[in-house]
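Data block below; observations after.
Remember, it's a predicted structure, so these values are computed and weren't measured experimentally. Computed over heavy atoms, backbone and side chain alike; hydrogens, waters and symmetry mates excluded. When a ligand or atom number is given, it counts from 1 through the structure's own listing order. Positions are given from 1 along the sequence.
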Amino acid sequence: MCGIVGIISQRNILDLLLSGLNRLEYRGYDSSGIAIIDNNNQLKCLKKVGKVKVLKKAIFKKKSIFLGNTGLAHTRWATHGSPTESNAHPHLSEHIAVVHNGIIENHESLRHHLRTYQYQFNSDTDTEVIAHLIHWEQKRNGGTLIEVVKRVSPMLFGIYSAVIIDANNPTALVAECSGSPLIIGCGINENAFASDQLALLDITNKFIFLKNGDISEITSSNIQIWNKYGKLIHRDIVKKNIVLDPNKKGEFRYFLKKEIFEQPQAIKNTLKNRLKNNYVYLSEMSDKSNKILINTKHIQLVACGSSYNSAMVSRYWFENLVGLSCNVDIASEFCYRNVVVHPNSLLIFLSQSGETADILSALRLSKNLSYLSSLAICNTPESTLSRESDINILTYAGIEISVASTKTFTTQLTALLSLIAHISLLKKINKKLQLDIFHAMQILPYRIEQMLLLAPYIKSLVKDFSNTNNAIFIGRGELYPIAIESALKLKETSYIHAEGYAAGELKHGSLALIDINMPVIILAPNNSLLKKLLSNIEEIRARSGKIYIFSEKNIFFSNYVNIKNIQLPFVENISTPMAYIVPMQLLAYYIGLEKNIDVDHPRNLAKTVTVE
Ligand code: F1P
């Protein structure tokens, strides 16, 4: 979603801003822009619809104009107003330029107010009101940019972050962090703001993570931060060693494929230091956290998208394996219903980025509810979710660039199962269960490798889907959420309408969709539910559905032509959700590729969804 970079330096910053934009591309966006204060204290601004490379090309034609030491850049994912040049950021008000993430909820009334002072609007965005408001306030009451931003801030409502420059005062950059993530990069003779550490890797590996309500002014040699009470405060500098360069695809054409194939290693990373003496054990848990886990009687999970689907899988595990009742909520729904908190409930948030706005709203709302504690399962160590939750479990999947989650999904499941093993150990529930989980986890990376070997065969199925507009995935038990996740993958990468159903539920309505052209993909591991699933397959077969069975056992249907049985390697029962999603990810990838879709950046989607 939208990405911010703002840099102040003693050198020319054009290339730094542009490389920052490149590193923000993975978040998803539809236009980009840049504004630099040149050496004559004039604002130079350029915006383009489409990829950053379009902006770069336009800038390189007049590179000498964009020389300066202070500037902003932005990737925009449209919320207010369609993706056009005029709606792209930065937005200007004479000598003021602003870039912004999130939403200004009272932008309509501010626009109305500013119009009475003859301000003219060139865009449909909520952002433009920030620029004009700052200009208006400065003209009215004077003051430096930081003084004006402090006065204007209480007039803006919403969850957002913004970075502002003033061509009349080119030696400072000012930012406000109101719920949307913003960091400061601390360099040598240069400092910067960004919505993501990755954007600043060419400048520094030292960061300050701003907190909700912070306002900050940076110069090339100084950093000042005021908290939400207006008090000048110190925030720690965190040194990060980010080794993985997200812009490198290696031998792969797309990050999506790279990340699918990284899963064995990613799972090994999740399990590192967590497999010991035949136990799966979360050694990072403090005594206090362990006490909370021992006292937990109910689990409430909250997540969005693929993270929600992994939460759904874990509900079966929490109930079946450690006897804990469990609810799962979509974050945007959890926030707006009167949740009844069960006694001794542990609240678990699942998020790859840890910056998803719906998740952060749910976390902040839950602080007033009577949960034992909040626990975050997250892939991003310094994310807002990780920082604001009481207990943290990191998935260590490594940076995920492709919008469609793959390795973060399987590592979330691995982390969830590790948590369940840890709880069973603490509660002394069942030693055999501990051993089973240990053995399954230990061999899981190898099982996934075996699944990946099927890639050429799965690729050969793709021609069957070239004229397909719809697809159905079905499963039972833990494989039901995997059917939903498989359908989500196919939607994201190929724009084919797909749904995942509980196999037993088809006959209650959706069976009406089945005909000779409807592909039905069946997840059929060799478990206690297989017999029931076979009856469901018969129901589809009787309606002439086009059947694809992914199973360990060869399920033979004589005299039926509209069927393919894709035989999968053996997998321990407990890890079938992690293993069976892999061929589904491959199927989605190859179908997307066949349809010539940019599978890393599907249309309309963003990797990090920072608006509610
Ligand atoms: C949630 C999510 C992802 C999805 C896409 C958009 O993100 O729905 O599952 O793949 O990237 O956001 P998160 O909270 O897990 O970061």
### Task
Would you mind listing every ring-ring contact (aromatic ring centres under 6.0 Å, His included) that reaches into residues 370-423, with sequence neighbours excluded?
Y281-H422

## Note on the structure
From the list L369, L363, N392, side-chain contact (heavy atoms from CB on, under 4.5 Å) partner of S374 resolves to L363

### Task
Take S307 and S310 through the side-chain hydrogen bond (donor to acceptor under 3.5 Å, both in side chains) test and state the conclusion after the steps.
CA-CA 5 Å; S307 299; S310 71; 5.4 Å; no

### Query
Taking S494 as the fixed residue, which of L587, I591, L593 is the one that meets the side-chain contact (heavy atoms from CB on, under 4.5 Å) rule?
I591

### Task
Among Q263, E262, E259, find the residue that satisfies the side chain to side chain donor-acceptor pair (under 3.5 Å) test when tested with K407.
E262

### Message
So that I can tick it off, tell me whether K51 and E25 are bridged by a salt bridge, with the cut-off set at under 4.0 angstrom between side-chain N and carboxylate O.
### Response
no

Between the protein and ligand 1, are there any N or O atom pairs that come within less than 3.5 Å of each other, and if so, what are their names and distances?
from: ligand 1; atom 1: 9 (O); to: S306; atom 2: N; distance (Å): 3.0
from: ligand 1; atom 1: 10 (O); to: V403; atom 2: O; distance (Å): 3.0
from: ligand 1; atom 1: 10 (O); to: S405; atom 2: N; distance (Å): 3.4
from: ligand 1; atom 1: 10 (O); to: S405; atom 2: OG; distance (Å): 2.9
from: ligand 1; atom 1: 11 (O); to: V403; atom 2: O; distance (Å): 3.0
from: ligand 1; atom 1: 11 (O); to: K607; atom 2: O; distance (Å): 3.1
from: ligand 1; atom 1: 14 (O); to: S351; atom 2: OG; distance (Å): 2.6
from: ligand 1; atom 1: 14 (O); to: T356; atom 2: OG1; distance (Å): 2.5
from: ligand 1; atom 1: 15 (O); to: S307; atom 2: OG; distance (Å): 2.6
from: ligand 1; atom 1: 15 (O); to: Q352; atom 2: N; distance (Å): 2.7
from: ligand 1; atom 1: 16 (O); to: S351; atom 2: OG; distance (Å): 3.3
from: ligand 1; atom 1: 16 (O); to: Q352; atom 2: N; distance (Å): 3.3
from: ligand 1; atom 1: 16 (O); to: S353; atom 2: N; distance (Å): 2.8
from: ligand 1; atom 1: 16 (O); to: S353; atom 2: OG; distance (Å): 2.7
from: ligand 1; atom 1: 16 (O); to: T356; atom 2: OG1; distance (Å): 3.4

